[in-house]
Amino acid sequence: MADMGVFRDVVLAWAAGGSGELARELAGRVGVRVVVLLEGPSDAAAVSALAARRGRDLAAEGVCVLPMGGAMSVGRFVQLLGPPGLGLRLVGLCDEAEFSFYARGLERAGAAREGFFVCVADLEDELIRALGTDRVAELVEAEGDLRALQTFLRQPAQQGRTSRQQLRRFLGTKKGRKIHYGRVLVEALDLDRVPAPLDGLLASL
């Protein structure tokens, strides 16, 4: 039986130039009602972790969490999945610096901006601010990355940056680290201190 993961993979292949026939078929068969457009897999890890903490099964609710591979891809996905394509409801997260890509893509497709939430820098920065830098450093140590962080902080490029900026940069220095900490940071949050963009996104689903 087809599941939400299969639908997501088919949509990604469609966006890369494949046929949309299977995506149309699967959307109905799987019961897709909403697609969450995210810049990358670390955002998807955070969204999935928060949903799990709140006892929600997004796939069972007809929600497809879809990392697009970068903000500049949003126009393509909105065309395929929004009003010109499958006609699904679209929501998502974006960084403030990339909001213009989202605004143009949504406008061209005749899709609503409602349900798209903006992070000031990015979601990692929102999570670090919510937890506090001391708590994030504790989590880095608990995950076995303290030595790597200490080495990173000795780099000349990190001098003069705030602790929050340093931690945000650190999370992106190794492949897979942002994805891992997207889950770890969300799991460490007090549920009444979830960053507003992430909280608003989940509430909109």
Side-chain angles (χ1 to χ4, degrees), residues 4-5 8-9 12 15-16 36-59 64-74 77 92-99 101-102 116-202:
M4 198 63 75
R8 181 181 60 247
D9 292 343
L12 291 171
V36 183
L37 297 177
L38 301 170
E39 291 187 29
S42 61
D43 298 331
V47 170
S48 297
L50 181 60
R53 289 198 64 194
R54 289 189 166 157
R56 297 182 61 179
D57 182 341
L58 296 183
C64 177
V65 178
L66 195 154
M68 301 179 293
M72 287 185 288
S73 299
V74 67
F77 283 97
L93 284 176
C94 68
D95 303 344
E96 191 172 56
E98 276 83 39
F99 179 69
F101 295 116
Y102 283 72
F116 284 84
F117 298 85
V118 181
C119 300
V120 173
D122 55 22
L123 183 54
E124 287 76 25
D125 183 65
E126 296 278 356
L127 292 169
I128 292 167
R129 281 193 288 123
L131 286 162
T133 55
D134 289 345
R135 178 62 178 136
V136 174
E138 290 174 357
L139 293 168
V140 168
E141 182 175 8
E143 294 299 309
D145 286 327
L146 181 59
R147 181 172 294 180
L149 175 60
Q150 291 171 335
T151 299
F152 174 78
L153 293 177
R154 288 195 291 268
Q155 295 177 1
Q158 301 311 313
Q159 308 313 306
R161 287 181 172 151
T162 66
S163 296
R164 195 173 88 213
Q165 290 169 331
Q166 290 170 338
L167 286 166
R168 177 174 166 246
R169 295 263 181 174
F170 173 72
L171 296 183
T173 57
K174 180 181 177 182
K175 185 177 180 180
R177 184 175 281 156
K178 282 180 72 172
I179 301 171
H180 177 69
Y181 279 96
R183 175 186 58 78
V184 168
L185 298 185
V186 168
E187 289 179 348
L189 282 170
D190 291 333
L191 287 178
D192 61 354
R193 292 185 59 82
V194 176
L198 183 58
D199 194 44
L201 175 68
L202 197 67

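- Residues Gln155 and Phe152 meet the side-chain proximity criterion, which asks for heavy atoms closer than 4.5 Å.
- Residues Leu139 and Ala188 share a closest heavy-atom pair of CD1-CB, 3.6 Å.
- Contact of the Val184 side chain with the Glu143 side chain is registered, since non-hydrogen atoms from C-beta on lie closer than 4.5 Å.
- Every residue two or more places apart in sequence or in another chain was checked for a side chain to side chain donor-acceptor pair (under 3.5 Å) with Asp95, and none qualifies.
- Heavy-atom minimum distance, Glu96 versus Val120: CB-O, 3.2 Å.
- Atom CZ of Arg169 sits in a sparse spot, with 12 or fewer heavy atoms from other residues, nucleotides or ligands closer than 6.0 Å.
- A distance of 10.5 Å separates CG of Leu167 from CD of Gln165, quoted to the nearest 0.5 Å.
- Here the closest heavy-atom approach between residue Gly182 and residue Leu127 is recorded as O-CD1, 4.4 Å.
- Proximity of Val194 to Arg54: side-chain heavy atoms (C-beta onward) are separated by under 4.5 Å at one or more points.
- To the nearest 0.5 Å, the span separating CG on Asp145 from CD on Gln150 amounts to 11.0 Å.
- Of the possible polar contacts, none joining the Gln158 side chain to the Gln166 backbone as a donor-acceptor pair under 3.5 Å is found.
- Contacts of Glu138 classified as salt bridge (charged side-chain N to carboxylate O under 4.0 Å, His left out), with partners at least two apart in sequence or in another chain: Arg135.
- Remark: Asp134 CG to Ser163 OG distance equals 8.0 Å, nearest 0.5 Å.
- To the nearest 0.5 Å, the span separating CG on Leu50 from CG on Leu185 amounts to 12.5 Å.
- The two residues Leu66 and Phe77 have their closest heavy-atom pair at CD2-CE2, 3.7 Å.
- Here the side chains of Glu98 and Val74 are not in contact, with every heavy-atom distance at 4.5 Å or above.
- Distance alone, capped at 3.5 Å, is enough to place a donor-acceptor pair between the Arg193 side chain and the Ala130 backbone.
- For the pair Val47 and Val186, the minimum side-chain heavy-atom distance is 4.5 Å or more.
- Across all non-hydrogen atoms, the minimal contact from Tyr181 to Val140 is OH-CA, 3.5 Å.
- Note that Arg177 lies in the cation-pi zone of Phe170, set by a 6.0 Å cut-off to the ring centre and a 45° limit from the axis.
- In terms of the side chain to side chain donor-acceptor pair (under 3.5 Å) criterion, Arg8 has no residue partners (sequence neighbours excluded).
- Applying the side-chain hydrogen bond (donor to acceptor under 3.5 Å, both in side chains) test to every pair with at least one member in residues 36-51, sequence neighbours left out, gives these pairs: Ser42-Glu124.
- With hydrogens and angles ignored, the 3.5 Å screen pairs no side-chain donor or acceptor of Arg168 with any backbone N or O of Ala121.
- Heavy-atom minimum distance, Leu93 versus Pro197: CD2-O, 3.5 Å.
- For Arg183, the salt bridge (charged side-chain N to carboxylate O under 4.0 Å, His left out) partners are Glu187, not counting sequence neighbours.
- Side-chain contact between Leu171 and Ile128 is present, with heavy atoms from C-beta onward closer than 4.5 Å.
- Identified under the salt bridge (charged side-chain N to carboxylate O under 4.0 Å, His left out) test for residues 151-165, with sequence neighbours left out: Asp125-Arg164.
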